[in-house]
Amino acid sequence: MFAIYKRELKSYFTSVIACLFIAVTTLISGIFFVYYNLNNGLSEMYSVYQCLFILVFTVPILTMKVIADDRKQKTDQLILTSPVSVGKIVIGKFLALMTIFIIPILVMCLYPLILSSFGTIAFKTAYTNIFGLFLYGMAFVAIGIFISSITESQVISAILSIIVLLLGYMMSSLTGMISSEGNILTVILGCFDLYTPVQNFLSGVINLSDVVYYISLTVLFLFFTCQSIQKRRWNVSKKTIGTGVFSTAFIAIAVAVTVFVNLIASQITSNVSAASLDMTATSLYSITSDTKSMLKNLDTDINVYVMAAKSSADDNINKTLDRFTAASDHIHVEYKDTTQYPSFYMDYTDTAPTANSLIVVNEANGKSKVIDYYDIYEMDMSSYYYTGQASYTGYDCEGQLDSAISYVQSDETYTIYQIEGHDEAVLDSTNFGTMENLSETIEKYNGTIESVKLPSLDEISTEDCAAILILGPEKDYSEDDAKKVIDYLNNGGKAIIALENMVSAGVDKPNFNSILEAFNINVQDGVVAENDASHYSAQYGPWFAFEDGIAGFASGISSYVFTPYTAGLSQSDEDNTEITYTALASTSESSVLKTNVENATTYEKEDGDVDGPFDAVISVSKTLGSEDDSEDSADDTESAEDAEEESGEETKTADILVFGSVYALSDNMDNIVSQSNTQIVNNALKEYIDTDVETISVPAKSLSTEQLTVTESGSRIFGTLISIVAPVIVLIAGIAVWAGRRKR
């Protein structure tokens with residue numbers, strides 16, 4: 001076998017074909033690399049995407065002579081009469097071609113390394129893309145070898161290979177034209193769909209079924225090649241009829257085994273989460289442990305109707321739904337082609353949903369919820385004015401499905417009051433943008449946000465209000481308004497409070513601050529300047545502080561906590577055992593509280609300033625006791641668990657989450673840290689909101705790719721080397737070897 005491998009490899013490099021294949025493939029992939037990655041600063045492997053189609057034409061040129069030329073030159077007789085088995089002959093030739101094929105693949109492996117010098121690259125995703133291209137090309141090579149074995153003409157071999165590979169590349173489109181719903185014919189034709197499996201690799205997912213598909217297809221066509229050559233070893237006579245029958249039967253068995261192996265691999269991939277590896281930077285196609293836990297505890301059958309034919313449904317949504325069905329036997333997915341079922345939606349909503357929308361239904365109680373396609377994807381409409389097309393920035397299928405599943409099971413609704421009337425910064429669109437991330441986080445808990453003004457309320461009832469939002473008041477509260485909030489909290493209320501400390505810096509807010517003081521929180525006058533360069537944004541400056549999530553609701557968040565223009569928070573009385581004070585994120589020891597911001601001349605400490613560190617995000621829990629507890633039980637220092645056991649009722653607590661800066665919750669700032677700030681709110685709501693069914697809120701996953709900053713010199717140097725110098729050198733070397741051989 002090794003002798004066949006060396007002979008074939010030498011033959012290819014002395015006939016220019018190998019060098020021509022390497023040069024052309026490297027040249028074309030290099031052009032796309034330069035255009036998309038170096039010139040436009042994109043971090044995705046577009047060169048890999050484009051090579052999928054190019055290989056339809058280049059691989060047949062590589063494989064056309066591998067066996068056909070031997071037959072034409074009659075040199076195959078020497079091989080066929082040698083003691084080497086047919087299998088070893090075919091494997092030797094295959095490995096020689098794969099050695100040639102892998103050279104441009106290895107060149108592509110340099111692309112992520114080059115790009116990493118200009119920005120952040122998702123290496124796992126990039127190399128998953130390249131691995132998919134390798135498997136895809138491996139199957140192409142095996143198919144090309146087989147076609148070369150059935151003809152003596154290299155031209156016919158190349159043309160037939162191009163036709164077959166092109167059909168495999170376009171098969172998903174062809175089957176979709178035959179039937180959008182699928183039938184026996186499309187299932188059979190779909191077995192030769194060479195393009196769809198590689199799409200998963202390009203998306204950053206390694207599925208066991210896709211790997212098995214390409215490997216089994218490669219083995220099958222190499223087996224076909226062995227059978228084709230084996231037939232030529234026998235003379236045509238009556239004595240060999242039995243061998244022909246055996247060969248045909250054996251081919252049928254091999255096809256059946258291949259189909260069976262792929263069916264098993266497909267079932268394993270569908271039912272075992274470990275059989276599918278999500279290699280995307282944001283775990284785009286995985287579901288979180290919280291979702292898995294919720295689905296594990298699900299005991300009600302939930303139907304999810306996809307408003308599209310399965311063949312044309314959104315691929316990302318399909319992958320997410322596969323994860324849900326694998327995690328729970330109670331989740332059932334059904335596709336409804338809107339052309340065949342135009343009025344299906346009317347049983348659940350009056351308005352026709354967008355194509356690819358989802359309808360989640362609990363058949364047991366008849367409750368349903370529509371998830372519109374445009375709620376699954378977050379879009380940046382600003383790009384529409386420049387390109388005529390909005391760009392997708394986030395993917396929220398998991399979060400929307402979690403919310404809908406909880407909603408259709410629940411018999412309860414709840415309301416969160418957003419307190420207004422004090423020039424809240426959240427209503428000022430000029431300061432850091434909107435707070436849609438925060439609103440979406442809350443809405444995923446299937447609650448409603450109701451805007452209220454405290455003077456219009458006699459009191460805030462914990463029965464009517466599950467929690468309150470106080471988002472950046474620029475003016476002080478009245479004593480009466482502050483008392484209503486304190487009374488609500490002391491009755492077991494929950495609050496998410498964010499301070500405004502930029503526009504209203506220096507404005508006295510004694511009544512508002514009294515709310516926080518009642519719960520052992522001290523707000524120090526001033527604005528924190530972070531002087532540790534590793535803890536503030538170089539783009540914005542020391543007012544924009546980054547902190548690590550250190551405890552509680554900030555544990556395990558995906559990125560830093562980002563608090564622009566934060567106040568300095570601290571614990572008023574460390575000996576107060578009634579209140580549990582937890583610092584979730586704190587500034588560095590180099591930080592300084594600037595007490596006179598308007599007249600400050602430096603970010604460093606000046607007269608009157610206070611040295612750090614300071615707490616930027618905190619949570620507070622105050623034990624209140626149960627409704628039946630006596631008054632003196634409030635002074636008892638027993639643990640909450642002991643108090644609950646003695647009273648026989650659940651111990652009530654007042655819970656507050658405080659951000660030193662309301663701008664931490666603005667979309668513009670929150671997105672910089674991958675929505676870590678609103679993840680903290682999400683984690684708090686899990687504890688604050690008491691629902692009759694398990695409810696979770698999963699943030700949207702970013703679809704935005706890292707934009708690279710490629711220098712002009714870097715683009716010119718690497719672009720020239722990759723797309724011009726390397727291919728030309730390979731081609732010249734091949735021509736030189738060929739020309740030297742011709743002169744002998």
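Nothing fancy with the numbering, it's 1 onward along the sequence.
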Strictly distance-based, threshold 3.5 Å: is any side-chain N or O of N365 a donor or acceptor partner for the main-chain N or O of K367? yes
With a 3.5 Å distance limit and no angle check, can you tell me whether N129 reaches the backbone of T125 through a side-chain donor-acceptor pair? yes
Separation between CD1 of I145 and CD1 of I150, rounded to the nearest 0.5 Å: 13.0 Å
dist Y12:OH -> T63:OG1 (nearest 0.5 Å) comes out at 6.5 Å
One pair to check against side chain to side chain contact (heavy atoms under 4.5 Å, CB included): I130 and Y111. What are the steps and the verdict? CA-CA 10 Å; I130 296 172; Y111 295 172; 5.9 Å; no
Atom CG in D350, atom OH in Y345: separation rounded to 0.5 Å? 8.5 Å
Looking at OG of S276 and CD1 of I268, how far apart are the two atoms once the value is rounded to the nearest 0.5 Å? 12.5 Å
Just by distance, do the side chain of K336 and the backbone of F344 share a donor-acceptor pair under 3.5 Å? no
Is the backbone of I4 close enough, under 3.5 Å, to the side chain of K93 for a donor and an acceptor to pair up by distance? no
Does S47 reach the main-chain N or O of F32 with its side chain, forming a donor-acceptor pair under 3.5 Å? no
Would you confirm whether N356, through its side chain, and Y373, through its main-chain N or O, come within 3.5 Å as a donor-acceptor pair? no
Do the two ring centres, one from F221 and one from F224, sit under 6.0 Å apart? yes
For the backbone of A364 and the side chain of D301, can you confirm whether one donor and one acceptor N or O come within less than 3.5 Å of each other? no
Check for a donor-acceptor pair, side chain of S293 on one end and backbone N or O of S289 on the other, with a separation under 3.5 Å. no
Taking side chain as C-beta onward, heavy atoms only, is Y49 less than 4.5 Å from F53? no
Could you please spell out the steps behind the ring-ring contact (aromatic ring centres under 6.0 Å, His included) verdict for Y127 and F131? CA-CA 6 Å; Y127 287 113; F131 177 57; over 10 Å; no
Among V164, I143, I162, I147, which one satisfies side chain to side chain contact (heavy atoms under 4.5 Å, CB included) with P60? I162
Side chain of S410, backbone of S406: donor and acceptor closer than 3.5 Å? no
With F324, the side chain to side chain contact (heavy atoms under 4.5 Å, CB included) member among I302, V304, T291, L298: T291
Identify whether NZ of Lys or CZ of Arg in K701 sits under 6.0 Å from the centre of the six-membered ring of Y285 and within 45° of that ring's axis. no
Please determine whether side chain to side chain donor-acceptor pair (under 3.5 Å) holds for the pair T288 and E398, giving the CA-CA distance in whole Å, both sets of side-chain angles, and the decisive distance to 0.1 Å. CA-CA 9 Å; T288 61; E398 180 186 354; 2.9 Å; yes
Taken to the nearest 0.5 Å, the spacing of L220 CG from I251 CD1 works out to 9.0 Å
Are the side chain of S29 and the backbone N or O of T26 linked by a donor-acceptor pair below 3.5 Å? yes
Do the ring planes of Y214 and Y136 sit parallel (below 30°), tilted (30 to 60°) or perpendicular (above 60°)? perpendicular
